[in-house]
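Residue numbers count from 1 along this sequence. All ligand and atom numbering here is 1-based and tracks the order in the structure.
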Amino acid sequence: SFSDSAEPKKLQLTLAILKPDVASRPHIVEDIHDIIQENGFFFVATKHLHLRRADAEEFYKEHHGKFFHNRLVNFMSSGHIWAHILAREDAIAHWRKIMGPTKVFRTIHSDPHTIRGRFGLTDTRNVCHGSDSPKNALKEIAFFFPEFNAEKWYREDEPYYHPENVSFCSESLAHIPVKSSDKKN
Ligand SMILES: Nc1nc2c(ncn2[C@@H]2O[C@H](COP(=O)(O)OP(=O)(O)OP(=O)(O)O)[C@@H](O)[C@H]2O)c(=O)[nH]1
Ligand SMILES: Nc1ncnc2c1ncn2[C@@H]1O[C@H](COP(=O)(O)OP(=O)(O)O)[C@@H](O)[C@H]1O
Ligand SMILES: [Mg+2]
């Protein structure tokens with residue numbers, strides 16, 4: 001018989017980046033990490049790294065030829081960044097919503113309470129990135145976390161991502177699922 005109990009919606013994954021303009025300001029990084037948690041996201045994985053110019057070129061190849069492409073690639077390889085795999089119901093749309101619109105010079109006035117409205121400097125130094133579709137999220141996650149297996153995560157870990165089932169490791173900036181087998185009785 002079909003169970004008519006509504007299946008809890010699966011968590012969605014997205015790739016978030018904190019860009020060099022904020023990565024060099026630790027207090028703002030902390031504020032944004034707090035905002036992410038306050039918005040019900042789980043940190044699945046985190047990396048703190050410095051893109052080489054060629055890597056930034058590859059990551060933003062969809063914008064090749066646009067007037068801002070050169071400044072974007074130079075900027076993204078100009079300092080350290082934080083890359084996060086975030087999980088939440090409708091993670092992709094919700095992260096883009098709290099990031100705010102791309103062009104900071106407008107966003108400061110139109111959406112002052114968003115992350116970009118609060119911490120953005122210019123259209124290039126606009127604080128953060130978020131995947132814009134499920135397909136791009138998987139591609140961008142693979143770009144920064146080639147060792148991450150999404151199918152395995154959905155099969156083995158996703159069911160444990162409930163606030164009472166995870167412990168947050170501030171060292172690795174990740175929520176670790178406490179599986180019943182390792183639960184200390
Ligand atoms: N159409 C067009 N717009 C431009 C061009 N250069 C800059 N802009 C716009 O001018 C504004 C300034 O661009 P930004 O690069 O974000 O800001 P910036 O003052 O150069 O500061 P940086 O963060 O150092 O790049 C943005 O709204 C851009 O969209 C251009 O060559 N053509
Ligand atoms: N008009 C612009 N001026 C300067 N930089 C821009 C502009 N439009 C986009 N960019 C840069 O390219 C990145 C990717 O652009 P896009 O994918 O359109 O925005 P988003 O990052 O919000 O998804 C932006 O985050 C920003 O850094
Ligand atoms: Mg984009």
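Closer than 4.0 angstrom to ligand 1 by heavy atom are F67, R71, F105, T122, D123, T124, R125, sorted by chain and number. The immediate protein surroundings of ligand 2, defined as residues with any heavy atom under 4.0 Å of it, consist of K19, Y60, H63, F67, F68, L72, R96, T102, K103, R116, D123, T124, N126.
Side chain of N39 to backbone of I36: no donor-acceptor contact under 3.5 angstrom is found. Remark: side-chain polar atoms of R53 are not paired, donor with acceptor, to backbone N or O of S77 under 3.5 angstrom. The closest donor-acceptor contact from the side chain of W95 to the backbone of H129 lies under 3.5 Å. Checked by atom type and distance alone, the side chain of H175 never pairs as donor or acceptor with a backbone atom of S167 at under 3.5 Å.
Checked for salt-bridge contact, D157 and K179 meet the test: a charged N lies under 4.0 Å from a carboxylate O. A salt bridge links E147 with K47: the closest approach of a Lys/Arg side-chain nitrogen to an acidic carboxylate oxygen falls below 4.0 angstrom.
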Next on the checklist: Does E140 form a salt bridge (charged side-chain N to carboxylate O under 4.0 Å, His left out) with K135? I'd like the steps, not just the answer.
Outcome noted: CA-CA 9 Å; E140 295 178 358; K135 192 167 70 69; over 6 Å; no

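Screening L13, L15, I17 for a side-chain contact (heavy atoms from CB on, under 4.5 Å) with S131, the sole residue that qualifies is L15.
Contact check for I81 versus L49: side-chain heavy atoms found under the 4.5 Å cut-off.
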